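Worksheet: the structure to be examined is printed underneath.
As the structure is a computational prediction, the values presented were derived from the model and not from experiment.
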Amino acid sequence: MKIQEFRDKLKQCNREDVEKIASELYKLLPKSKKEEDADPIIADIISSKIEDKKQKANAALDFDSLKNDINEFLNNVDNNLYMMPNRIVPKNKRSKWRFEVKNYIKMLKMIPVDGENGEAAAILLRELYKRLAHGCGYYIFPTEDPFQSIGIRQPDFYEMLVNRTFATGFTDAKIRNMLEDAALVFIDRNSLNSELEAIYAASLTTSDLKYKALGFIREYVEQYEAEIAIQKKNRSNNSYRIRCYIEELCETMLMISILLYEPEDAVEYYWQHDKESDKEITLYKILDTIRQFGDEKLWIRVYEDGLKKNIKPRNSLQELYQELKSKSN
């Protein structure tokens, strides 16, 4: 009987029959064969099985423990316990917050993206990212630049977050979340929102995903413009941050539209919704985005449209226009 035939016959047996067959075969072996060959093999198989079970149990237990630790840390941050005297977070622990975060990130990155806890790990990473980004605008940690403190540039953290979030598929919630984390966050001192937005635009791998993101951008802009109108009605001057959000959303829309080879509507949308009182600055921002992500023909066309709007571009734009125009001729 060949080994495969033997295995097929074993598959037809119940556990009791398999144990009986194994016992009878073991009896047929000479003592030397049992001690030198069979016993070590049996021991290895059994120990491997036990170790596999232990590893699976420990992995589940470790993630639950890690999740609890991170949630406790996030709760302490939200209650400003790393910036004021309190009994919950001791003084020596407050100054070591960055080591906690670095360790959390390290452990979360070790969890397979397609494993049982892959999506939960991505959610926890996002929560850490949101606190670090918030710390770039408000004092919630004893530092002015949380990303620099943990030794990770914000765009690098964001790219890791995007990759892990979308690794298990695209949903409306994920597309919205990653848009928010690129365009609607405070930024560290050494980075730009446009770096995050470029990563976001590139991560949308199909036209359908890009169009979906454009729809979400319009929804956010409409929401923020409604907030500005309410604040204006109430004579409030707290709209600066909202105006910045609208600018970043317009820039993200332009990037995505350039990737779709359909930039014209996005350029017009930028003109209509950007809140700069000086339209020359709006022209500069649009042209800067096109310079990075578009082509020279589009740049020239938008520049000339600006002239038709009676905008006088700054000297650097005039010089670049002359350079690109002569090259195209």
Side-chain angles (χ1 to χ4, degrees), residues 57-111 116-162 164-165 173-174 176-193 195-196 224 227 231 234 236-242 244-245 248:
N58 287 337
L61 180 63
D62 287 345
F63 182 77
D64 289 341
S65 177
L66 175 62
K67 181 179 178 180
N68 290 335
D69 289 346
I70 293 175
N71 283 331
E72 182 180 354
F73 170 81
L74 295 172
N75 184 64
N76 290 338
V77 172
D78 292 344
N79 286 290
N80 210 31
L81 299 184
Y82 283 85
M83 284 298 295
M84 66 180 187
N86 65 92
R87 295 181 179 181
I88 299 174
V89 182
K91 183 177 181 179
N92 65 333
K93 189 177 180 181
R94 277 174 249 151
S95 63
K96 297 176 181 178
W97 68 271
R98 62 188 185 278
F99 300 114
E100 285 187 77
V101 175
K102 289 170 73 172
N103 185 54
Y104 293 148
I105 294 170
K106 178 182 176 181
M107 295 180 73
L108 289 171
K109 286 170 65 177
M110 292 171 62
I111 296 170
E116 178 185 356
N117 298 313
E119 290 211 21
I123 292 170
L124 290 172
L125 276 171
R126 180 175 187 246
E127 292 302 320
L128 290 171
Y129 172 86
K130 286 165 61 179
R131 298 322 189 278
L132 294 170
H134 190 66
C136 292
Y138 295 95
Y139 282 107
I140 58 174
F141 300 109
T143 177
E144 294 181 349
D145 194 340
F147 288 100
Q148 184 180 52
S149 295
I150 66 168
I152 303 176
R153 289 186 69 242
Q154 189 168 351
D156 295 333
F157 196 134
Y158 176 76
E159 185 170 21
M160 172 187 66
L161 178 60
V162 167
R164 293 188 69 95
T165 298
K174 289 180 181 180
R176 280 183 179 275
N177 289 344
M178 293 303 99
L179 171 61
E180 291 176 3
D181 295 343
L184 309 180
V185 292
F186 291 106
I187 202 78
D188 71 38
R189 291 181 171 186
N190 301 310
S191 306
L192 297 169
N193 279 100
E195 294 180 75
L196 310 182
Y224 287 131
E227 289 185 30
Q231 291 185 3
N234 296 333
S236 172
N237 294 318
N238 297 325
S239 62
Y240 171 76
R241 192 66 197 160
I242 296 177
C244 291
Y245 288 157
E248 297 302 337

Between Trp97 and Tyr82, does the ring centre distance come in under 6.0 Å?
no
Is it true that Glu127 and Arg131 make a salt bridge, defined as a side-chain N closer than 4.0 Å to a carboxylate O?
yes
Show your working on side chain to side chain contact (heavy atoms under 4.5 Å, CB included) between Leu184 and Asn193 and close with a plain yes or no.
CA-CA 9 Å; Leu184 309 180; Asn193 279 100; over 6 Å; no
Ignoring hydrogens, what is the shortest heavy-atom contact between [X] and [Y]? Give both atom names and the distance.
{"X": "Ala182", "Y": "Tyr158", "answer": "CB-OH, 3.4 Å"}
{"X": "Glu248", "Y": "Ala183", "answer": "CB-O, 3.5 Å"}
{"X": "Phe63", "Y": "Ala120", "answer": "CZ-CB, 3.5 Å"}
{"X": "Arg241", "Y": "Val185", "answer": "NH2-O, 3.1 Å"}

Does any non-hydrogen side-chain atom of [Y] lie less than 4.5 Å from one of [X]?
{"X": "Thr143", "Y": "Arg98", "answer": "no"}
{"X": "Cys136", "Y": "Phe147", "answer": "yes"}
{"X": "Arg94", "Y": "Asn86", "answer": "yes"}
{"X": "Phe141", "Y": "Asn80", "answer": "no"}
{"X": "Val162", "Y": "Leu196", "answer": "no"}
{"X": "Asn75", "Y": "Leu81", "answer": "no"}
{"X": "Met83", "Y": "Pro142", "answer": "yes"}

Has the side chain of Gln154 got a donor or acceptor atom that lies under 3.5 Å from a matching backbone atom of Phe186?
yes
I'd like to know if the side chain of Asn103 and the backbone of Phe99 have a donor-acceptor N/O pair within less than 3.5 Å.
no
For residues 104-111, dump all side-chain donor-acceptor pairs below 3.5 Å to protein atoms at least two apart in sequence or in another chain.
residue	atom	partner	partner atom	Å
Tyr104	OH	Glu100	OE1	3.4

Please report the interatomic distance [atom1]([X]) to [atom2]([Y]), rounded to the nearest 0.5 Å.
{"X": "Ile152", "Y": "Lys102", "atom1": "CD1", "atom2": "NZ", "answer": "8.0 Å"}
{"X": "Asn71", "Y": "Asn76", "atom1": "CG", "atom2": "CG", "answer": "11.0 Å"}
{"X": "Asn177", "Y": "Ile123", "atom1": "CG", "atom2": "CD1", "answer": "9.0 Å"}

Verdict with reasoning, Lys67 to Leu124, per side chain to side chain contact (heavy atoms under 4.5 Å, CB included)
CA-CA 8 Å; Lys67 181 179 178 180; Leu124 290 172; 4.1 Å; yes
Is the number of heavy atoms from other residues, nucleotides or ligands within 6.0 Å of NZ (Lys174) greater than 12?
yes
Residues at least two apart in sequence or cross-chain that pass side-chain contact (heavy atoms from CB on, under 4.5 Å) with Glu195, listed by chain then number, are Arg153, Pro155, Ser191, Leu192
Given Arg126 and Asp181, is the salt bridge (charged side-chain N to carboxylate O under 4.0 Å, His left out) satisfied, shown in steps?
CA-CA 9 Å; Arg126 180 175 187 246; Asp181 295 343; 2.7 Å; yes
